[in-house]
Amino acid sequence: MSIITNINEMDMRHVCTIFCKQKLSIASILVTIFSCARAPEPYGPVPTSQQIEWQKMETNMFCHFGPNTFTSAEWGDGSEDADIFNPTDMDCRQWARIAKAAGMKGIIITAKHHDGFCLWPNPASSHTVAESSWRGGKGDVLKDLSEACREYGLKFGVYVSPWDRNDPDYGSDRYNEKFRQTLASALGNYGQVFEQWFDGACGEGPNGKRQIYDWPLYHEEVYKHQPDAIIFSDIGPGCRWVGNERGSAGRTCWSTLDVEGFSPGHAPDLDTLNQGNVHGTQWIPAETDVSVRPGWFYKQSEDASVKSVEELLMIWYESVGRNSLLLLNVPPDKRGQLCSVDSAAVVGLRAAIDSITSLDLAAGIRTSATESRGWKFRPGNLTDGDYDTYWTVKDDTRQASVTVWLDSLVEFNRICLQEYIPLGQRVSSFSIDARDSSGMWNRIASETTIGYKRIVLVPKTLSDAVRINIESSHACPVLNNFSLYMDRILPDPPKEKVVNPEWTISLSEEHRIIDLGREAFVSGFVYAPVPNSEFGCIITYNLETSEDGKHWKKVISDDMFDNIVNNPVRQTVMFPKPVWCRYLKLVPLRTNSQTYGISEFDAIR
Ligand code: FUL
């Protein structure tokens, strides 16, 4: 491993020596070069060409839009009047323009969320835009958006929720057939759909029943209309959920997953989704879905909580930079347009990414390696900017180093590596060394997986040579890119998120009480779990009030904090009418852990 030879020159010398000493014919030289050039066999499960194209998209826009935009709910209960959906000035070209400016490659729209309302005139449903007075019942969001995407060179995708809290047939076989027709209508009429997003959520419908989803039927229908579509669900088959909604793929992230015995909605545990399975039997890469604001749907009250460019940049590093695709939600507002705060944030993110990646300090730089498979697979392929040329070694080699010789001392803090995924994901551990001004080699990182793209964050380093050591690999390593960047935007090292759980409560303590000090009219309350912590959250609860702290009245009974496990953010609950009281008691009924955190429990007056 320590003998570094310059393969570029060595291989050419080798070819010339054969030519001169053995006086071989041109044809036999070509044979020699050709035989050296045999590519490694693919290892394990490999992506389809559609999955490769999908992965190269890197960042896409998610748009949550529907009745919830107008009611400020996260999960509508299906009883919303169709007329509630009434964007005053919908302009999908504005969404597309901003997506394009933000460097997104596609847009996925919530064509139907759990409330059942369809943003297109779906003949299989009676709860659609056609039943609303928006544009006199003639509006069609899918039509407008698919056309805008085409105009701006973006791909178009749809989220169609099988959970339907409106359809009276939900919970019966009839619904599976209706849902098949719904897919046919959404997928068969608006041109090419690159991704079909299936939420695995399976709650109760309007009649209290749950549906047994017919996944094979649904998948067949998707492929019938869109044979090239990537199907998202928590377990694929096209791509998988990353296991959280905060925008973070595993530091170890395999694109392979074992799905036997699982189905959408009944997936492996969250850590497995986050990291994949090391020897997983199927290629199901992770997609990281996260919202630019706390909730998935637009709420004016969250305008001040839109993520900063720095936060989004960290999310980009932890998704695209960790072998995942970033699906960033930018929800249209009540006008039917992306609001300026969100637009500024996502366009700012792109400007930040561009400012970092536009200068690749390793581009075209001289490289050498401990070994290479021949001229065609020389280490110089790592810095040539060509996706389809790569450095690889002999079939039996599992450890190898490649060095990039910078012309002078260079300052950097991001190292980007790519494995050539058409041949599978192979590397399971690697380290990075950098040579300092005194000629000393220092270890600056030790990591596990690479995959399609891995960006390693290191403290600012001044160096004239950088060495990647592949420490272990399932088959000979195959790398097609190496880049070095200097990020001057994020503090170095990145700020740790500080979590300060004010109240952590064990389940034996049954409730939490607020004493307002004196009686007053209270119109609702706020609850926030402790974000990014090991503490769980309250899922369902009762809310009781009292005037004297002894006699209690239930104001809310067995209600649910919507989507709180996946997205543990602050929730505001308004009472049906203001209540005169001094004390408020939050009684958890169901939590997702033995302990749960409360970072906020406040009365709204
Ligand atoms: C979740 C849904 O329940 C949320 O409302 C949101 O659509 C998110 C992207 O997926 O599972």
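Residue indices begin at 1 and follow the sequence shown. In each ligand, atom 1 is the first atom listed, and ligand 1 is the first ligand listed. A quick note: this is a predicted structure, and the numbers were derived from the prediction, not measured. We use all heavy atoms of the structure for the numbers below, so side chains are in, but hydrogens, waters and symmetry mates are not.
Looking at Thr59, Ile107, Asp289, Thr288 one by one, the single match for side chain to side chain contact (heavy atoms under 4.5 Å, CB included) with Leu327 turns out to be Asp289.
The option with the heavy atom closest to atom 3 (O) of ligand 1, from among His113, His64, His114, is His114.
Remark: minimum distance from atom 2 (C) of ligand 1 to any protein heavy atom is reached at Asp199 OD2, 3.1 Å. The protein heavy-atom contact nearest to atom 4 (C) of ligand 1 is Asn563 ND2, 3.4 Å.
Residue Tyr159 approaches ligand 1 through these ligand atoms, each under 4.0 Å from one of its heavy atoms: 2 (C), 7 (O). Near Glu245, meaning under 4.0 Å from one of its heavy atoms, ligand 1 places the atoms 1 (C), 8 (C), 10 (O), 11 (O). Atoms of ligand 1 lying under 4.0 Å from at least one heavy atom of Asn566, given by number and element, are 11 (O). Annotation for ligand 1: atoms under 4.0 Å from non-hydrogen atoms of Phe62 are 9 (C). For ligand 1, the atoms lying closer than 4.0 Å to a non-hydrogen atom of Asp289 are 9 (C).
A ring-centre distance under 6.0 Å is found for Tyr170 and Tyr175. Aromatic pair Tyr159/His64: centroids less than 6.0 angstrom apart.
You'll find the side chain of Trp54 reaches within 4.5 Å of the side chain of Cys239, heavy atoms only. Side-chain contact between Val242 and Glu245 is absent, with no heavy-atom pair separated by less than 4.5 Å.
Geometrically, ligand 1 and Trp75 share a nitrogen or oxygen pair separated by less than 3.5 Å. Residue-to-ligand polar distances keep Trp197 apart from ligand 1: every N/O pair is separated by 3.5 Å or more.
The pair Arg335-Asp91 fails the salt-bridge criterion, with no side-chain N (NZ, NE, NH1 or NH2) lying under 4.0 Å from an Asp/Glu carboxylate O. Using a cut-off of 4.0 Å between Lys/Arg side-chain N and Asp/Glu carboxylate O, Asp303 and Arg293 are scored as salt-bridged.
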